[in-house]
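A quick note: this is a predicted structure, and the numbers were derived from the prediction, not measured.
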Amino acid sequence: MKPPGHAGRQLAWPLLGPGSGTRRALCTQPQCRPHPRPHPRAALYHTSPPLRSYEPGDVPRQTRSPTAPKPHLDMRHIRDNPELYAENCRERNYPAAAAYPARINDLFAQWHDQRRQARDLRVQANLLRRQIANPGSLDTDESPEALRIRGLTPDERLAEGRTIKAALASIEAAETRLTADMDALALALPNLTSPLTPRGSTPRLLTTIHDDPSPSPDPSPGRSHVDIGTELQILDFPAARKTSGWGWYYLVSAAAELEQALILYALARARAAGFTQVSPPSLVYADIASACGFQPRDVDGLTQIYPIAQPPSDRSPPLVLAGTAEIPLAAMLADTTLPDPAALPLRRVAVSRCYRAEAGARGVDTKGLYRVHEFTKVELFTWTAPTDAAVTEAFDDVVDLQTEILWSLGLRCRVLEMPSTDLGAAASRKVDIEAYFPSRRERDGGWGEVTSASICTDYQTRRLGTRMARGDGGGEGLMFPWTVNGTALAVPRVLAAILENGWDERERTVKVPEVLRPWMGGREKIGPAAGGGGIGRGGVSGWGGDE
């Protein structure tokens, strides 16, 4: 029997624990329906992301620092396909941005007219310069402009030269403004959507993990991980509220051990799949975050990124806390030309703390670990050749790895092809995996996202200046690799799912997934604390969770 595969592959993997070697463990109760590998699709192109909604009359200007990578947008493709981009904006619920492609063409027509005027003025300036330097140089030129200039007095020629110089300076300034406006509008367009992405707001079910996506026949919600963690004295929210406020938490004893076990397990699985481990910075330039398309805002337009306060004397570019390791991973190759296309794909994995302001989110999914301001995440990132075949292979590898990890943890999940209205600005295609949370049965049927994977084509690499030499014999010039990112493990949500799905009401214990036990000293269950010191408002956290 085979464990699940995203693309129906025959998959078997080692139980990667300390000292486990390469022992393979095959599923004896396969409960996952693999979905077929997608058919080849039409070529995808890049654009750049909307960072907020703009009124049609606005130009969505962003401030770029001098050190920021220069974007290399395919303006020609946008100008040649304005309706394609406009419809793409409408499908992705960016109605204001749908007007931008037509505005880009209008601005380009103005820019082209300015260029024509500048060429005419330069012709006049050259004739004037020749006549002033050598009065007889235009004697054989019978063009109307040459005849006009020969008829001017020396003072009139000098005055006209000054007028032309001022006019050229004005035209150059207008060209600069028009170019900046076109770039700003193009940067506010989302990536073109994959043909495989469902249009609208309804996701498409691809497969289930551990089968049976129907709810439990018991209509009452299961115990929340908050209640379980509090009873076992391994989660402490009251102390975190006093320390940091809403959206923060303490993991204590077995919960902290479980967090580290999940991290180590996911990293081991990723390394075994060919990903090179990286330890990235948590602070990034705001320009880099924007170039990656990560500046999410809620419906009220409130920022979801934590900016870093810098003293007035600090002239360095603004810094922000990274919302995901995807940002510093993508930036590793900013302003870089890859010399050997044969080295692709390049696979990286990183564990990092992630910071999300979640402005305006309080009151929605706010209880417990499901929506928090800081969390640990193991992130996968891949640069591929700019072809459908290469990027689809890398994408399937990521989703397969996500599926295998969640299957091995024993969690019931569903794998969804996400619709166009759910895509981030950078993504052309996105697959989410949602785990079943018994306590969320009355909200979204119990399902909650735990991993996500996206194809971003050359959206990020064009904005970050990541290039590659042509390796296809197609002549000189540079190409832009494509990128794939995915969550190997969002630790708090998976930890919460393990607590809720592994809870034994009779024993008052939580079953530890077998694959995590090597990193938890062989522990099979998390039981009640041995002593007092329970968690409560104003109380002291216990160091419980031991059997």
Exercise for the section: Would you mind reporting whether Thr509 and Ile526 have side-chain heavy atoms less than 4.5 Å apart? Expected result: no

Handout entry: pair Leu251-Leu495: side-chain heavy atoms closer than 4.5 Å
Key = yes

Problem - Side-chain touch Thr457/Ile455, heavy atoms, less than 4.5 angstrom - result: yes

Exercise for the section: Please work out which of the three classes, parallel, tilted or perpendicular, describes the rings of Tyr370 and Phe437, given edges at 30° and 60°. Expected result: perpendicular

Exercise for the section: Without swapping roles, check the side chain of His210 against the backbone of Trp407 for a donor-acceptor pair under 3.5 Å. Expected result: yes

Handout entry: Thr466 (side chain) donor-acceptor with Leu333 (main chain) under 3.5 angstrom
Key = yes

Problem - Set of side chain to side chain contact (heavy atoms under 4.5 Å, CB included) partners for Asn501, sequence neighbours left out - result: Leu411, Tyr436, Pro438, Ala497

Practice task
Look only at the side chain of Glu500 and the backbone of Ser439, and say whether a donor-acceptor pair between them is shorter than 3.5 Å.
Solution key: yes

Problem - Nearest heavy-atom neighbours spanning Leu464 and Cys292 - result: CD1-SG, 4.0 Å

Practice task
Inspect the contact between Arg269 and Glu404 and indicate whether a charged nitrogen and a carboxylate oxygen are less than 4.0 angstrom apart.
Solution key: yes

Practice task
Walk me through it: do Ser408 and Tyr265 pass the test side-chain hydrogen bond (donor to acceptor under 3.5 Å, both in side chains)?
Solution key: CA-CA 11 Å; Ser408 66; Tyr265 176 59; 2.6 Å; yes

Exercise for the section: Give a yes or no answer on whether the side chain of Thr461 reaches the backbone of Asp458 with a donor-acceptor pair at less than 3.5 Å. Expected result: yes

Fill in the blank from the handout: Shortest non-hydrogen pair, Ala488 vs Thr451, comes out as O-CG2, 4.3 Å

Problem - Polar side-chain atom of Ser224 near backbone of Val226 as donor-acceptor pair, under 3.5 Å - result: yes

Practice task
Report the C-alpha distance between Trp503 and His225 in whole Å, list the side-chain angles of each, state the deciding distance to 0.1 Å, and finish with yes or no for ring pair (Phe, Tyr, Trp, His ring centres under 6.0 Å).
Solution key: CA-CA 9 Å; Trp503 173 249; His225 66 276; over 10 Å; no

Practice task
Taking all non-hydrogen atoms of both residues into account, name the closest pair between Trp482 and Ala385 and its distance.
Solution key: CB-O, 4.3 Å

Exercise for the section: State, without any angle test, whether Thr487 and Gln402 hold a side-chain donor-acceptor pair at a distance under 3.5 Å. Expected result: no

Practice task
Give a yes or no on whether the backbone of Thr193 and the side-chain of Thr197 come within a donor-acceptor separation of less than 3.5 Å.
Solution key: no

Problem - Test item: side-chain donor near acceptor, Asp432 and Ser452, under 3.5 Å - result: yes

Handout entry: Any donor-acceptor N/O pair, Arg467 side chain to Gly465 backbone, under 3.5 Å
Key = yes

Practice task
Kindly indicate whether the side chain of Leu380, heavy atoms from C-beta on, has any atom under 4.5 Å from the side chain of Leu401.
Solution key: yes

Handout entry: Whether Asp422 side chain and Met418 backbone form a donor-acceptor pair below 3.5 Å
Key = no

Problem - Pair Phe480 and His72, ring centroids less than 6.0 Å apart - result: yes

Practice task
Answer yes or no: is there a side-chain heavy-atom contact under 4.5 Å between Leu423 and Arg92?
Solution key: yes

Exercise for the section: Assert yes or no for the condition that the ring centre distance of Trp383 to Phe381 is strictly below 6.0 Å. Expected result: yes

Side-chain donor-acceptor pairs of residues 271-280 under 3.5 Å, sequence neighbours excluded:
unit_1	atom_1	unit_2	atom_2	d
Arg271	NH1	Gln277	OE1	2.6

Handout entry: Side-chain H-bond candidate by donor/acceptor type, Ser316 with Gln310, under 3.5 Å
Key = yes

Handout entry: Min side-chain heavy-atom separation Arg463-Pro69 under 4.5 Å
Key = no

Handout entry: Heavy-atom donor-acceptor pair, Asn81 side chain to Leu84 backbone, under 3.5 Å
Key = no

Problem - Donor-acceptor pair between Thr324 and Lys377 side chains, under 3.5 angstrom - result: yes

Problem - Lys430 vs Glu417, salt bridge (charged side-chain N to carboxylate O under 4.0 Å, His left out): CA-CA, chis, key distance, verdict - result: CA-CA 6 Å; Lys430 184 161 79 88; Glu417 184 85 45; over 6 Å; no

Practice task
Using the side chain to side chain contact (heavy atoms under 4.5 Å, CB included) rule, take Leu205 and Arg414 through it: C-alpha gap first, then chi angles, then the decisive distance, then the call.
Solution key: CA-CA 7 Å; Leu205 178 65; Arg414 62 181 186 178; 3.8 Å; yes

Completion exercise
Closest heavy-atom pair, Ala357 versus Ile305, reported as atoms and distance to 0.1 Å, is CB-N, 4.2 Å

Exercise for the section: Please report the C-alpha distance between Val431 and Val415 in whole Å, then the side-chain angles of each, then the deciding distance to 0.1 Å, and finally whether the side chain to side chain contact (heavy atoms under 4.5 Å, CB included) criterion is met. Expected result: CA-CA 7 Å; Val431 165; Val415 184; 3.5 Å; yes

Practice task
Would you tell me whether Ser290 and Tyr285 have side-chain atoms, one donor and one acceptor, within less than 3.5 Å of each other?
Solution key: no

Problem - Glu257 (side chain) donor-acceptor with Met520 (main chain) under 3.5 angstrom - result: no

Handout entry: Any donor-acceptor N or O pair under 3.5 Å, side chains Arg353, Ser282
Key = no

Practice task
Please work out whether the ring planes of Tyr306 and His373 are parallel, tilted or perpendicular, with thresholds of 30° and 60°.
Solution key: perpendicular

Handout entry: Donor-acceptor pair between Asn191 and Ser428 side chains, under 3.5 angstrom
Key = no

Handout entry: Side-chain touch Ile263/Leu489, heavy atoms, less than 4.5 angstrom
Key = no

Practice task
Evaluate the side-chain proximity of Tyr355 to Val320: yes if any heavy-atom separation is below 4.5 Å, no if none is.
Solution key: no

Completion exercise
Closest non-hydrogen atoms of Arg356 and Gly323, given as atom of the first, atom of the second and distance, are NE-O, 2.7 Å

Practice task
Apply salt bridge (Lys or Arg N to Asp or Glu O under 4.0 Å) to Arg347 and list each qualifying residue two or more places apart in sequence or on a separate chain.
Solution key: Asp397

